[in-house]
S.K.: 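Please read through the structure below; I'll follow up with questions.
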Amino acid sequence: MKLRHILAALACTAATLAVVPAAQAAYKSEYKLSIVVGTTFPWGQGAVIWSDLVRERTDGRINIKIYPGTSLVQGDQTREFTAIRQGMIDMAVGSTINWSPQIKQLNLFSLPFLQPDAKATDALINGEVGKDLFGYIEKAGVVPLAWGENGFRQLSNSKHEVTKPEDMKGLKLRVVGSPLYMDTFSALGANPTQMSWADAQPALANKAVDGQENPLSIYAGAKLYDVQQQYLTLWNYVSDPLVFVVNRDVWKSWSEEDQKIVREAAIEAGKREIVIARTGITAEDPALLKEIEGHGVKVTTLTPEQHAAFAKATEGVVEKWTKTIGEDLVKKARDAIAAS
Ligand code: X2X
């Protein structure tokens with residue numbers, strides 16, 4: 001080939017490279033999105049809404065596949081955040097509880113009896129506290145986009161009604177993976193044991209444990225009334241939000257236009273998911289509670305005095321974990337809740 005031709009070919013290649021942005025060349029044919037539960041749960045619905053919106057609005061450039069059951073980390077949900085950071089998982093809608101082992105500030109939402117109601121949770125996630133927490137997630141190497149909700153966690157067991165801390169004595173309870181939960185349930189006199197959600201369901205079914213704590217949408221969605229979880233105490237002791245996130249390298253590989261689409265879709269999906277998560281579980285709208293009672297479950301609502309007794313019994317846990325989470329952040333949270 002003559003030099004003239006070689007130069008022309010090189011110029012041509014350079015021009016092609018210039019018009020195809022490097023980012024778009026690196027798009028994957030499929031992005032793996034992790035969730036802990038199935039797609040029929042409000043949590044899973046949030047993931048479905050997000051992926052559908054993204055697929056539509058990017059004309060299929062970003063094609064998300066949902067992996068329920070935290071299957072990308074063999075069900076071990078406390079390893080989910082690390083797997084997102086390392087790129088084994090591209091995207092996730094995850095609970096703050098499951099990522100707390102890596103980001104200690106996320107334990108905030110698990111401080112017993114900090115959030116009295118949904119208004120308090122909203123004040124946290126939509127205010128300064130939410131921004132700070134997104135900063136910590138970002139610093140840990142993952143891109144946070146929007147908040148969702150798992151919800152207020154209620155206590156169920158197969159043995160007897162629970163109305164006071166003394167009723168917890170000897171109850172073998174499955175708890176989630178942050179050590180804070182071991183402390184809370186030990187302080188209440190129960191016998192907590194930490195296991196993944198994947199292991200919890202067979203453990204409840206074969207009576208290896210007596211009880212568990214989870215939002216009503218999870219209790220009902222997993223049909224825990226069918227595994228003799230017949231005593232349900234509504235005590236609203238903690239509420240875990242969900243966070244919509246993307247692995248940093250994946251995020252950087254997308255065009256600005258697509259980043260905007262993914263972010264806006266996450267915010268929209270999060271808002272819709274929160275509405276779904278709160279449906280049927282209030283005094284004004286008790287449909288899900290009624291359905292649960294229809295399965296012969298004894299649902300106990302605590303009086304303010306009974307509620308206070310549980311809060312008192314866990315004061316030491318709050319004190320200990322406030323130090324881990326950060327005094328300033330906890331104070332900011334308390335102020336935001338007081339103003340809500
Ligand atoms: O494991 C649980 O209890 C669950 C499903 O609620 C979470 O992933 C935090």
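Atoms within each ligand, like the ligands themselves, are counted from 1 in listed order.
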S.K.: What is the minimum heavy-atom distance between Tyr31 and Trp254, and which atoms define it?
M.R.: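 Nearest heavy atoms, Tyr31 then Trp254: OH-NE1, 3.1 Å.
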
S.K.: For the side chain to side chain contact (heavy atoms under 4.5 Å, CB included) test, which of Ile218, Asn98, Thr70 pairs with Trp197?
M.R.: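 Output: one option passes, namely Ile218.
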
S.K.: Can you find a side-chain donor-acceptor pair between Ser158 and Gln230 that sits under 3.5 Å?
M.R.: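 On atom types as modelled, these side chains do not qualify, holding no pair under 3.5 Å.
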
S.K.: Would you mind telling me if ligand 1 is within reach of the side chain of Tyr219, the backbone, both or neither, using heavy atoms under 4.0 Å?
M.R.: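 Answer for Tyr219: neither.
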
S.K.: Ignoring angles and geometry beyond distance, decide whether Asn150 reaches within less than 3.5 Å of ligand 1 through its nitrogen or oxygen atoms.
M.R.: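 Between Asn150 and ligand 1, an N or O pair is found under 3.5 Å apart.
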
S.K.: Specify side chain, backbone, both or neither for Arg174, according to which of its non-hydrogen atoms lie closer than 4.0 Å to ligand 1.
M.R.: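 Answer for Arg174: side chain.
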
S.K.: Heavy-atom contacts with Val176 under 4.0 Å: which atoms of ligand 1 show up? List them by number with element.
M.R.: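 The atoms of ligand 1 under 4.0 Å from a heavy atom of Val176 are 1 (O), 2 (C), 3 (O), 9 (C).
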
S.K.: Indicate whether the side chain of Ser34 and that of Glu80 have a donor and an acceptor atom separated by less than 3.5 Å.
M.R.: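 Yes.
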
S.K.: I want to know if ligand 1 touches Asn214 in the polar sense, i.e. an N/O pair below 3.5 angstrom.
M.R.: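 Yes, there is a polar N/O contact under 3.5 Å.
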
S.K.: When you look for heavy atoms under 4.0 Å from ligand 1, do you find them on the side chain of Gln77, its backbone, both, or neither?
M.R.: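 For Gln77, only side-chain atoms sit under 4.0 Å from ligand 1.
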
S.K.: Tell me yes or no: between the side chains of Asp167 and Thr163, is some donor less than 3.5 Å from an acceptor?
M.R.: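 Yes, Thr163 and Asp167 have a side-chain donor paired with an acceptor closer than 3.5 Å.
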
S.K.: When you measure from the heavy atoms of Glu80 to every atom of ligand 1, does any distance fall below 4.0 Å?
M.R.: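 No, Glu80 has no heavy atom closer than 4.0 Å to ligand 1.
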
S.K.: Do the rings of Phe244 and Trp50 sit parallel, tilted or perpendicular, given the 30° and 60° boundaries?
M.R.: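 Taking Trp50 first and then Phe244, their aromatic rings stand perpendicular (interplane angle over 60°).
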
S.K.: So which of Lys65, Lys32, Lys28 actually passes salt bridge (charged side-chain N to carboxylate O under 4.0 Å, His left out) with Asp90?
M.R.: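 Of Lys65, Lys32, Lys28, salt bridge (charged side-chain N to carboxylate O under 4.0 Å, His left out) with Asp90 is met by Lys28 alone.
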
S.K.: Would you check whether Gln212 reaches within less than 4.0 Å of ligand 1, judged by its heavy atoms?
M.R.: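 False for this residue.
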
S.K.: How far is atom 8 (O) of ligand 1 from the closest protein heavy atom, and which atom is that?
M.R.: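 Nearest protein contact, heavy atoms only, for atom 8 (O) of ligand 1 is Asn98 ND2, 2.9 Å.
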
S.K.: Pull out every atom of ligand 1 sitting under 4.0 Å from any heavy atom of Val36, numbered as shown with elements.
M.R.: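 Checking each atom against Val36, I get 5 (C), 8 (O).
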
S.K.: Taking only heavy atoms of Ser95, which atoms of ligand 1 are found under 4.0 Å from at least one of them?
M.R.: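 Once the distances to Ser95 are compared, the set is 9 (C).
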
S.K.: Run the salt bridge (Lys or Arg N to Asp or Glu O under 4.0 Å) check on Lys331 and Asp328 step by step: do they pass?
M.R.: CA-CA 5 Å; Lys331 178 164 187 322; Asp328 290 352; over 6 Å; no

